[in-house]
J.: 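Just passing along the structure, written as structure tokens.
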Amino acid sequence: MAEFDLAASFIPSLHKPASLLPIARHRQSLLYLIETYPVTIVVGQTGSGKTTQIPQYLEQAGWCSDGKVIAVTQPRRVAATTVAIRVAEEVGCKVGAEVGYSIRFEDVTSAATRIKFLTDGLLLREALVDPLLSRYSVIMVDEAHERSLSTDILLGVLKKILKKRPNDLRIIISSATLQAEDFLNFFKGDADAEPKVEKSDALTLDELIAQGSSNNQGADAELGGSIGRIINLEGRTYPVDILYLEKPAEDYVEKAVQTVFDIHTKEPDGDILVFLTGREEIDTAVQAISERAASLHPRAQSLMALPLYAGLSTEQQMYVFEEAPENTRKVIFSTNIAEASVTIDGIVYVVDSGYVKLRAFNPTTGIETLTATPVSKASATQRAGRAGRTKPGKCFRLYTEASFQSLEEATVPEIQRSNLAPVILQLKALGIDNIVRFDFITPPPAELVIRALELLYSLGALDDYAKLTRPLGIRMAELAVEPMMAKTLLSAPSFGCLSEILTIAAMTSLGGNIWFHHDGEKKRMESARRKFAVEEGDHLTLLNVYQAFVTKGRKEAKFCHDHYLNFKALSRAVSIRAQLKRYLERFGMNVEESLSSSNANKQPLSVGGGGGPDKGEQIRRCLTTGFFAHAAKMQPDGTFRNVAGGTVLHAHPSSLMFNRKADWVIFHEVMETGNKTFIRDVTKIEKNWLVEYAPEFYKIQR
DNA sequence: GATCACCTC
């Protein structure tokens, strides 16, 4: 052993100098393409520096003169903020000065901001106010290959804007290899028919550029016509060996555990990342590792298993980033969250189950399903790549090579498997009336569009000609909640319960992250939850929780801890509520704040006041005006049937109605998982309210 | 009688 360890006496720099990134060599080519063509597709492997460097190159090249801004969109909030912080550091300014970011509830930009990172959903919102997005000279859509709902809509909207701003707007799409040509073809579209107006000297330059950047220059030039080009930026990743099973595994969770032990006993140092589909599998696997790790030789390196999924608290998620203790190998069992959203350093081995849980909306039943589905080739490749970030790695696929070959090339984009009511409402508000003729990069199935149009019509957002109604439809589009809740909010003044519905809207947008417990505290959490329970159902219970939080829990961290409440989620509810309130006030609605439920333990909402219908009933009536399509009747066996009668629905175990009697109910959400269909956020109503508030809808049903 | 992948305005 050497006394002087060279590696230990140097501290590696946190960030690579920008000039050493592979992208630096392509600077001139990039700027040339962006100057010359309206659209540039950047194929950048991870580590190429595209997100951090391209906006800086553009700013230095003068794309922000006359006060214009460069926008870079991200599908996720964390990405928008972390990248902005990083670029501000490189530029040498404060975040919010020349470099800033903007996400919901956090606008860290100023008049000086020239490079702005934001979520693609927020940029779409900006288009409602500024339809041509005229303050931007360049819009870069990052991670477009992920094909999120917002990215897809944004691409369609940008194509439309480009026709109106052909000379002063530039679009950059960053994509994985597989989809680059699709994006270019999309923007080419009907530009195809126009004669090519390519300058001859540009062509020669193209050839020069393409030699350094693209391996099939001839095809690309032909492909892009006058609209754009594809440029390849090599990344900085290490090779990953892919290994397959010889024959299929019967139980991939068990096989994953065995594979982890094989790696641990036979392969050199390096942490392991295992992709499974959900919480249950992950908990099982973590348990199995902990049990069997005891059988390892006492002097051998030990094995530490950690779970990773979105449902964990931030604190619990942080463990995966910590270095393992001395003489210990870390193995992380994760959902798809580690495929793109969360990056863990030091992973050398990936074990891929080959499955992912995907959501799909059934337009016939109106029910969302969440099912384990084989991954796509693109997804499997992305997972494998997680092993080669710091040194060469290995990926163990728990399926055969033949199975891999039979996988779909790419995951079906969200727009083809989602409830499109919010999408269509948004498009209509952007002035896109003819949904069928809208230029989607991949069009959604007609059944999804029809179902969405029917719902929006029944809510009163669209008229007989499928035009957005005024003011109802326009206002629904502006509110950042799903259409049924937007309708409920806008009905609330006539029921005298706007303050309460604002709270309920904010609480339901949290998507069930309100209660929170560690291992072995389940019973105590359940009894804490019962303290807030209101007989009429989950919505009024949520109202109680919120009231208790703002009166007590916000000041005292102990309150949340003692009642097993998620402080972060409830704080977010406060922000959402405030934002919704601002919108309603802008519509001219007066929000009188009532403290109808300041005493959380007394159920004052059920008690009638002053002879008229009580507040609780008004709230439940109001909810019916938005959620009439989500109605069900309880059967003697405690399950529910929807109005059509065909579907058996179960109250979700997190619902009050899980173990209570009811007759008719409305619910916020319905989802089929495995072999059961669950309804969440359930509230009792009267049957005749359905006909009273949705006469046409219930006429059609008969 | 026993629980839902990941995001976002």
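As the structure is a computational prediction, the values presented were derived from the model and not from experiment. Per chain, numbering begins at 1; letters A, B, ... match sequence-line order.
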J.: How close or far is atom C1' of B:dT3 from atom CE of A:M657, stated in whole angstroms?
T.: 18 Å
J.: Could you please name the option among B:dC4, B:dC9, B:dC6 that lies closest to any side-chain atom of A:R680?
T.: B:dC4
J.: Give A:E669 one of three labels, base, sugar-phosphate or nothing, depending on what nucleic acid heavy atoms sit under 4.0 Å from its own.
T.: base
J.: Give the rounded distance in Å between these two atoms: CZ of A:R417 and P of B:dC7.
T.: 14 Å
J.: Across the strands shown, which category fits A:D120 at heavy-atom distances under 4.0 angstrom: base, sugar-phosphate, nothing?
T.: nothing
J.: Which nucleotide wins on minimum distance to the side chain of A:K357, given the candidates B:dC6, B:dC9, B:dC4?
T.: B:dC4
J.: Below 30° counts as parallel, above 60° as perpendicular, anything between as tilted: where do the rings of A:F627 and A:H668 land?
T.: tilted
J.: Looking only at side-chain atoms of A:R77, point me to the closest of B:dC4, B:dC9, B:dC6.
T.: B:dC9
J.: By nearest atom, which of the nucleotides B:dT8, B:dA5, B:dC4 is closest to the A:T119 side chain?
T.: B:dT8
J.: I need the CZ-C1' distance between A:R577 and B:dC9, as an integer number of Å.
T.: 19 Å
J.: May I ask you to check if A:R383 and A:F275 form a cation-pi contact, with NZ or CZ under 6.0 angstrom from the six-membered ring centre and within 45° of the axis?
T.: yes
J.: Side chain of A:T673: nearest nucleotide among B:dT3, B:dC9, B:dC4?
T.: B:dC4
J.: With a 4.0 Å cut-off on heavy atoms, is A:S654 in touch with a base, just the backbone sugar-phosphate, or nothing at all?
T.: nothing
J.: If you find the nucleotide of DNA chain B closest to A:H652 and the one closest to A:V342, which residue's nucleotide is nearer the 5' end?
T.: A:H652
J.: Provide, to the nearest angstrom, the distance between the NE2 atom belonging to A:H650 and the P atom belonging to B:dT3.
T.: 11 Å
J.: Please state how far atom CZ in A:R76 lies from atom P in B:dA5, giving the value in whole angstrom units.
T.: 18 Å
J.: Quickly, which of A:I501, A:T508, A:I504 forms a side-chain contact (heavy atoms from CB on, under 4.5 Å) with A:T488? Name it, please.
T.: A:I501
J.: In whole angstrom, what separates A:N419's CG from B:dT8's C1'?
T.: 15 Å
J.: Please report the closest heavy-atom contact between A:K487 and A:L459, naming both atoms and the distance.
T.: NZ-O, 3.1 Å
J.: Enter the distance from A:E146:CD to A:R76:CZ here, rounded to the nearest 0.5 Å.
T.: 4.0 Å
J.: Is it possible for you to check whether A:R529 lies under 6.0 Å from the centre of the six-membered ring of A:Y564, through NZ or CZ, and within 45° of that ring's axis?
T.: no
J.: How long is the line joining CD of A:E143 and P of B:dC6, in whole Å?
T.: 18 Å
J.: From the list B:dT3, B:dC4, B:dC6, which nucleotide is the closest neighbour of the side chain of A:I337?
T.: B:dC6
J.: Between A:S150 and B:dT8, is there a contact of a side-chain N or O with OP1 or OP2 at under 4.0 Å?
T.: no
J.: Considering only side-chain heavy atoms of A:R359, which listed nucleotide, B:dC9, B:dA2, B:dA5, is closest?
T.: B:dA5
J.: Rounded to whole angstrom units, what separation is found between the CD atom of A:E672 and the P atom of B:dT3?
T.: 15 Å
J.: B:dC6, B:dC9, B:dC4: which one has an atom nearest the side-chain heavy atoms of A:E414?
T.: B:dC6
